[in-house]
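Read the structure below first, then the notes.
Heavy atoms only: backbone and side chains are in, while hydrogens, waters and symmetry mates are out. Counting convention: from 1, in listed order, for ligands and their atoms alike. Numbers here are sequence positions counted from 1.
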Amino acid sequence: MIWNHNKECMSRDQMHDLQGKRLQKLVKKVYHSTPFYRRKMQEMDLTPGDIRTIEDIVKLPFTTKQDLRDNYPYGMFAVPNSEIVRIHASSGTTGNPTIVGYTRNDLEIWQECMARCLAAYGLTSNDVFSISYGYGLFTGGLGAHYGAEFLGATVIPASTGNTEKHVKLIRDLGITGIASTPSYALYLAEVIEKMGIDVGELKLRTGVFGAEPWTENMRREIESRLHINAYNVYGLSEIMGPGVAYECKCKNGSHIAEDHFYPEIISPETLENLPAGQKGELVFTTLTKEGMPLLRYRTKDLCSIMEGECPCGRTNVRISRIMGRSDDMLIIRGINVFPSQVESVILDMPEFEPHYQLIVDRVNNLDTLQVLVEVRKEYLSDEISRMLALKKRLADKLKSVLTVGADVKLVEPNTIARSDGKSKRVIDKRKID
Ligand code: ADP
Ligand code: ZN
């Protein structure tokens, strides 16, 4: 179902027009209320009058995570604190957390975007929906929660932790939909199996997964283990939280709530805009945000804008899956490696559980990459030659995809730590002194 036909299916001309008008207003606003942006624009010899259409956006300065840290805690806010009704913080995956503030209007837009997303997956007021993103400063829990309530679903604020109790609720309350990280979904599947519950008897049918990168192979794995449809939701606290972009039933790219968040893809090296289809860094301008509006925020997330119309009827542009963040990218002996490439290879082979870890080190001035992966119980063998052959097969596949050799270490099921939030796939010992 399309929640907001008017805003999700506009003609491209109408959308550009709306975006242009909103951008003009936004630039005026930040110029007068955020000293940080006024200074930046003055340095570039720009005044709000220079921004007339959405195409003028390229004249504006970028904003980085460092800017947010330098202006911690309230420096980027564009309204007095009396108008701020909620504060969240980024989860701090890559450093100190950054603080974000929302006005009442910002929260209303957020719940609307989240409802668009849940409706796109086919969820309705008839669904019983549990939220297993963490509640707290992290935007996942409350963001999904208010969206699901706005949709009218029956919301269960399960949060993370105590997964057995959650499974019992899924069974007893007939929970039909769940929101969590993809890692948590896998963990949930394991706990259901361990508790001896037949997944087929549960009513669960829709999963709303995001907050960390995951691959198509991981989607297949989650769908077959939990007997559900698994959909991708994307967001980040600096821009809003979950619901910035969401898949539709086509499962082919995520539509951006473009009337609120204007996307650009830039080359992280030259900072030039890249055309549709080319992979680069995703940049967002918050067109309607009041509390902490941002101009051209560099997300560090790598993806591309997809070309062509989507058969679902939405006209809002789509982004491809996030391949990872530029700071997740490992450089091993000069070659770029993303954990998602390793995930794709491992999940393509039936012998492995979808649990893996990359350990990077430097030995005698040479980078080393070790890949730990769990072998499924039915493929474990006491015959060393069989295990060695399996190890070699994986090492060969990794080499052909990554173009850099990896030392494979096979481990038994349940050896690698599970996560109910964002999983930690990489241990880079080069960074630990
Ligand atoms: P932090 O940057 O501290 O992790 P957030 O909790 O706001 O802060 O997380 C936002 C980040 O999570 C995004 O910038 C992106 O890297 C990642 N992310 C969120 N949703 C997805 C998704 N569906 N696919 C891939 N990565 C995602
Ligand atoms: Zn679509």
(request) Could you tell me whether Glu374 and Lys409 make a salt bridge, using a distance below 4.0 angstrom between a side-chain N and a carboxylate O? (result) no
(request) Kindly assign one of parallel, tilted or perpendicular to the pair Tyr246 and His255, based on the angle between their ring planes and the thresholds 30° and 60°. (result) tilted
(request) Return the option from Asn232, Ile322, Ile319, Leu302 holding the heavy atom at the smallest distance from atom 23 (N) of ligand 1. (result) Asn232
(message) As an exercise, identify every atom of ligand 1 less than 4.0 angstrom from a heavy atom of Gly235.
(response) 10 (C), 13 (C), 19 (C), 20 (N)
(message) Applying ring pair (Phe, Tyr, Trp, His ring centres under 6.0 Å), can you list everything that pairs with Tyr121, at least two apart in sequence or on another chain?
(response) Tyr231
(request) May I ask you to check whether Glu258 and Gln19 show a side-chain donor-acceptor distance below 3.5 Å? (result) yes
(request) Work out whether the distance between some heavy atom of Arg321 and some atom of ligand 1 is less than 4.0 Å. (result) no
(request) Return a yes/no value for Arg325: is any of its N or O atoms, backbone included, closer than 3.5 angstrom to an N or O of ligand 1? (result) yes
(message) Contact between ligand 1 and Thr139 is defined here as a heavy atom of the residue under 4.0 Å from a ligand atom; is it met?
(response) no
(request) From the options Ser254, Pro242, Gly324, Ala211, select the one whose nearest heavy atom is closest to atom 20 (N) of ligand 1. (result) Ala211
(message) Once you restrict to heavy atoms under 4.0 Å, what part of Leu236 touches ligand 1? Side chain, backbone, both or neither.
(response) both
(request) Taking ring pair (Phe, Tyr, Trp, His ring centres under 6.0 Å) as the test, write out the residues that go with His355, two or more places apart. (result) none
(request) Enumerate the atoms of ligand 1 whose separation from the nearest heavy atom of Gly210 is less than 4.0 angstrom. (result) 23 (N)
(request) Return yes if a side-chain donor-acceptor contact under 3.5 Å exists between Thr139 and His88, otherwise no. (result) no
(message) Within the 4.5 Å heavy-atom criterion, are Leu107 and Tyr146 side-chain neighbours or not?
(response) no
(request) Determine whether Pro182 and Glu212 make a side-chain contact, defined as any pair of heavy atoms from C-beta on separated by less than 4.5 Å. (result) yes
(message) If the threshold is 4.0 Å, N to carboxylate O, is there a salt bridge linking Lys251 and Glu223?
(response) yes
(request) Could you list which atoms of ligand 1 come closer than 4.0 Å to a heavy atom of Ser90? (result) 3 (O), 8 (O)
(request) Between Met323 and ligand 1, find which residue part has any heavy-atom pair under 4.0 Å and reply side chain, backbone, both or neither. (result) neither
(request) For Phe138, counting its heavy atoms only, list the atoms of ligand 1 lying under 4.0 Å from any of them. (result) 6 (O)
(request) List the steps and the verdict of side chain to side chain donor-acceptor pair (under 3.5 Å) for Asp301 and Tyr234. (result) CA-CA 11 Å; Asp301 290 327; Tyr234 168 83; 2.6 Å; yes
(request) Number the atoms of ligand 1 from 1 as they appear, then name those within less than 4.0 Å of a heavy atom of Val233, with their elements. (result) 20 (N), 22 (C), 23 (N)
(request) Check whether the side chains of Glu290 and Asn105 place a donor and an acceptor atom closer than 3.5 Å, and report yes or no. (result) yes
(request) Please list all pairs passing the side chain to side chain donor-acceptor pair (under 3.5 Å) test where one or both residues lie in residues 272-281, with sequence neighbours left out. (result) Glu264-Asn273, Asn273-Arg296, Glu281-Arg298
(request) Heavy-atom distances under 4.0 Å are what count here, so tell me which part of Glu212 touches ligand 1: side chain, backbone, both or neither. (result) backbone
(message) Side chain or backbone, does Lys422 bring an N or O within less than 3.5 Å of an N or O on ligand 1?
(response) yes
(message) Out of all atoms in ligand 1, which are within 4.0 Å of some heavy atom of Lys65? Include the element for each.
(response) 2 (O)
(request) Check whether the side chains of Asn217 and Glu221 place a donor and an acceptor atom closer than 3.5 Å, and report yes or no. (result) no
(message) For distances below 2.8 Å, what is the count of protein N, O or S atoms around the Zn ion (ligand 2)?
(response) 4
